[in-house]
Amino acid sequence: MASIFSKIIAGEIPSFKVAEDENNFAFLDINPIARGHVLAVPKREVDYLFDVDDRGLSSLILFSRRVAKAIERVVPCKRVGIAVIGLEVPHAHIHLIPLHGVYDIDFSRPKLKLSPEEFKETAQKIAAQFSLTAL
Ligand code: 5GP
């Protein structure tokens, strides 16, 4: 059965999309720990990140870098941190999280409550920056 992320990529489940390329897709985490918390996901469904092949992994990390540069331009932060957990959704993904300090990447913190309008505005701004950001 397709993962929830494959369904998002296919457009069968809505998401606040921020970026896409040939191999990868990025959207806002629905239970963010920070504003601008993005998930970068390979389109090819593999459960465990470290089972993704060399080309897929390179492509994902280069894509994530481009997304992170776009996030930095929208959400004030010292830098964008990355985390890989994968305990909830069995489809490899990288969390991209704007950071002011290490506490911003604490997944045990209460999740942010954002309105659909706030999600939409953040996603649109990151998407606009992504489209301007070439490496
Ligand atoms: P992990 O697998 O890395 O432990 O956590 C999966 C992440 O995906 C969580 O941060 C969770 O909020 C997010 N997530 C789970 N289901 C959905 C969904 O349907 N849409 C979005 N946008 N995020 C999701």
Side-chain angles (χ1 to χ4, degrees):
M1 201 181 78
S3 75
I4 192 144
F5 290 170
S6 287
K7 290 179 180 169
I8 285 174
I9 293 162
E12 294 165 12
I13 292 177
S15 71
F16 295 97
K17 176 180 166 182
V18 302
E20 181 173 11
D21 71 7
E22 189 187 347
N23 304 311
N24 309 288
F25 196 91
F27 51 95
L28 296 180
D29 194 298
I30 205 66
N31 289 307
I33 58 170
R35 194 168 84 82
H37 178 175
V38 167
L39 302 174
V41 180
K43 289 181 180 175
R44 187 165 159 265
E45 189 176 326
V46 174
D47 175 356
Y48 185 38
L49 185 78
F50 296 129
D51 288 331
V52 176
D53 65 21
D54 290 5
R55 281 182 64 180
L57 199 53
S58 309
S59 173
L60 178 63
I61 198 73
L62 293 173
F63 173 76
S64 297
R65 176 169 68 176
R66 218 178 132 197
V67 176
K69 297 285 181 189
I71 295 171
E72 280 170 17
R73 291 176 186 183
V74 173
V75 183
C77 60
K78 283 189 177 164
R79 55 182 57 199
V80 172
I82 72 170
V84 175
I85 303 172
L87 293 173
E88 184 185 327
V89 177
H91 184 147
H93 54 280
I94 292 177
H95 295 260
L96 299 169
I97 300 162
L99 301 178
H100 294 281
V102 70
Y103 43 82
D104 287 321
I105 204 161
D106 176 358
F107 280 81
S108 65
R109 287 201 323 175
K111 307 297 186 262
L112 287 189
K113 296 282 174 233
L114 300 177
S115 67
E117 292 71 28
E118 288 171 311
F119 274 112
K120 189 174 169 191
E121 187 190 354
T122 303
Q124 284 178 343
K125 285 182 176 173
I126 296 172
Q129 289 301 323
F130 179 83
S131 62
L132 297 174
T133 310
L135 290 175

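Note that ligands are numbered from 1 as they come in the structure, with each ligand's atoms numbered from 1 the same way. All residue numbers in this chain count up from 1 along the given sequence.
In terms of modelled atom types and a separation under 3.5 Å, the side chain of His93 and the main chain of Ala26 share no donor-acceptor contact.
Side-chain atoms of Arg66 and Phe130, non-hydrogen and from C-beta on, do get closer than 4.5 Å to each other. Between Pro32 and Leu114, the closest side-chain pair of non-hydrogen atoms falls below 4.5 Å.
Looking at Ile13 against ligand 1, nothing comes within 4.0 Å, counting heavy atoms. At a heavy-atom distance under 4.0 Å, only backbone atoms of Leu28 (N, CA, C or O) approach ligand 1. Proximity of Phe107 to ligand 1, defined as any heavy-atom pair under 4.0 Å, is not found for any part of the residue. Of all the heavy atoms of Lys111, none lies under 4.0 Å from any atom of ligand 1, so neither backbone nor side chain is involved.
Between Asp104 and the choices Arg109, Lys78, Arg79, the salt bridge (Lys or Arg N to Asp or Glu O under 4.0 Å) rule is met once, by Arg109. Checked options Leu49, Asp21, Val41; the residue passing with Leu60 is Leu49 (criterion: side-chain contact (heavy atoms from CB on, under 4.5 Å)).
Which of Asp29, Leu87, Ile4 comes nearest to atom 10 (O) of ligand 1 through a heavy atom is settled by distance: it is Asp29.
The distance criterion of under 3.5 Å between nitrogen or oxygen atoms is not met by Ile85 with respect to ligand 1. For ligand 1, one of its N or O atoms has an N or O atom of Gly86 under 3.5 Å away. The distance criterion of under 3.5 Å between nitrogen or oxygen atoms is not met by Phe5 with respect to ligand 1.
Of all atoms in ligand 1, numbered sequentially from 1 with element shown, those under 4.0 Å from a heavy atom of Asn31 are 12 (O). Near Phe27, with a cut-off below 4.0 Å to any heavy atom, the atoms of ligand 1 are 21 (C), 22 (N).
Closest protein heavy atom to atom 3 (O) of ligand 1: His93 NE2, 2.6 Å. For atom 16 (N) of ligand 1, the closest heavy atom belonging to the protein is Glu88 OE2, 4.2 Å. Taking atom 23 (N) of ligand 1 as the reference point, the nearest protein heavy-atom neighbour is Ile30 N, 3.3 Å. The single protein non-hydrogen atom nearest to atom 18 (C) of ligand 1 is Ile8 CD1, 3.9 Å, given as residue, atom name and distance.
Counting non-hydrogen atoms of neighbouring residues, nucleotides and ligands closer than 6.0 angstrom, the OH atom of Tyr48 reaches no more than 12 such neighbours. With a 6.0 Å radius and a threshold of 12 heavy atoms from other residues, nucleotides or ligands, Asp51 has its CG atom above the threshold.
In this structure, Phe119 and Phe16 have parallel ring planes: the angle between them is below the 30° cut-off, well short of the 60° mark.
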- Take Arg35 and Glu118, measure what salt bridge (charged side-chain N to carboxylate O under 4.0 Å, His left out) needs, and give me the verdict at the end. CA-CA 9 Å; Arg35 194 168 84 82; Glu118 288 171 311; over 6 Å; no
